[in-house]
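Structure first, then comments.
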Amino acid sequence: MPDVLEESCVTRQALERLAAKWRVLLIYSLLAGPRRPAELRRRVPGITQKMLTETLRGMEADGLVERRVLKQAAPQHVEYELTALGLTLEEPLAAICKWASVNH
């Protein structure tokens, strides 16, 4: 078992990234397929436009989501989709959901 208390532990680093307030909810929202930002805001109540943008940018930098430009001319249209790496989180998230429902 890794020592997640050590700052250099890769498991700790992954947990810190995923534990950011909105990341898991956005990953869960994107499991169904690509979404435009407005749709993500509707699906994740309480998230502000600023936090949505910052969180998606961070997730893109971490390789979890891909930003795709659908329309270049103003107003620009974009959508976000989980990458292959982001999709690997489906099983661990399902396990957490199952644990929560059993132990609520």
Side-chain angles (χ1 to χ4, degrees):
M1 180 118 182
D3 186 358
V4 297
L5 301 178
E6 289 292 323
E7 288 183 10
S8 61
C9 176
V10 294
T11 303
R12 177 181 174 156
Q13 294 167 3
L15 288 171
E16 286 175 350
R17 284 203 155 103
L18 292 173
K21 184 172 182 179
W22 302 106
R23 281 191 177 211
V24 170
L25 296 176
L26 289 172
I27 291 166
Y28 189 79
S29 296
L30 289 167
L31 284 172
R35 303 271 184 237
R36 298 211 18 219
E39 188 175 359
L40 288 170
R41 279 199 64 205
R42 283 191 299 273
R43 291 180 55 84
V44 183
I47 193 168
T48 64
Q49 183 62 49
K50 179 183 179 209
M51 282 309 303
L52 176 64
T53 300
E54 287 178 12
T55 304
L56 287 169
R57 283 182 183 158
M59 291 170 67
E60 185 179 14
D62 289 342
L64 298 174
V65 298
E66 178 183 2
R67 179 181 185 265
R68 207 167 328 150
V69 178
L70 302 175
K71 180 182 167 202
Q72 292 288 341
Q76 194 177 55
H77 295 263
V78 299
E79 70 179 11
Y80 291 87
E81 183 173 17
L82 289 174
T83 62
L85 177 63
L87 287 168
T88 65
L89 293 167
E90 183 172 12
E91 189 175 330
L93 286 178
I96 291 170
C97 290
K98 181 179 179 182
W99 177 87
S101 66
V102 167
N103 297 288
H104 64 293

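One is the number of the first residue; the rest follow in order along the sequence.
Going from atom NZ of Lys71 over to atom CD of Glu79 covers 14.5 Å, rounded to the nearest 0.5 Å. Between atom OG1 of residue Thr55 and atom CD of residue Glu60 there is a gap of 12.5 Å, rounded to the nearest 0.5 Å. If you take CZ on Arg12 and CD on Glu6, they are separated by 8.5 Å, rounding to the nearest 0.5 Å. In this structure, the separation between CG on Leu82 and CE on Met59 is 6.5 Å, given to the nearest 0.5 Å.
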Mind running side chain to side chain contact (heavy atoms under 4.5 Å, CB included) on Arg67 and Leu56 for me, showing each step along the way? CA-CA 9 Å; Arg67 179 181 185 265; Leu56 287 169; over 6 Å; no
After noting the C-alpha distance and the side-chain angles of Tyr28 and Leu31, does the key distance pass the side chain to side chain contact (heavy atoms under 4.5 Å, CB included) rule? CA-CA 5 Å; Tyr28 189 79; Leu31 284 172; 4.2 Å; yes
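Contact of the Leu26 side chain with the Val65 side chain is not registered, since no non-hydrogen atoms from C-beta on lie closer than 4.5 Å.
Grouping the Ile, Leu, Val, Met, Phe, Trp and Tyr side chains by contacts below 4.5 angstrom, directly or via other members, places Leu15 apart from Leu25. Leu30 is connected to Val69 through a chain of hydrophobic side-chain contacts under 4.5 Å among Ile, Leu, Val, Met, Phe, Trp and Tyr, so both are in one cluster.
Applying the 6.0 Å contact sphere to CD of Glu7 captures no more than 12 heavy atoms from other residues, nucleotides or ligands.
Counting only residues at least two apart or in different chains, salt bridge (charged side-chain N to carboxylate O under 4.0 Å, His left out) contacts with residues 17-37 comprise Arg17-Asp62, Arg23-Asp62, Arg35-Glu39.
When all heavy atoms of Arg43 and Pro45 are compared, the closest pair comes out as O-CD, 3.3 Å. The nearest pair of heavy atoms linking Pro37 to Tyr80 is CG-CE1, 3.8 Å. Residues Arg41 and Ile47 share a closest heavy-atom pair of NE-O, 3.5 Å.
For Thr11 (side chain) and Val4 (main-chain N/O), no donor-acceptor pair under 3.5 Å exists by modelled atom type.
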All N/O donor-acceptor pairs, side-chain side in residues 84-101, below 3.5 Å, sequence neighbours left out:
unit_1, atom_1, unit_2, atom_2, d
Thr88, OG1, Leu85, O, 2.5
Ser101, OG, Cys97, O, 3.4
Ser101, OG, Lys98, O, 2.9

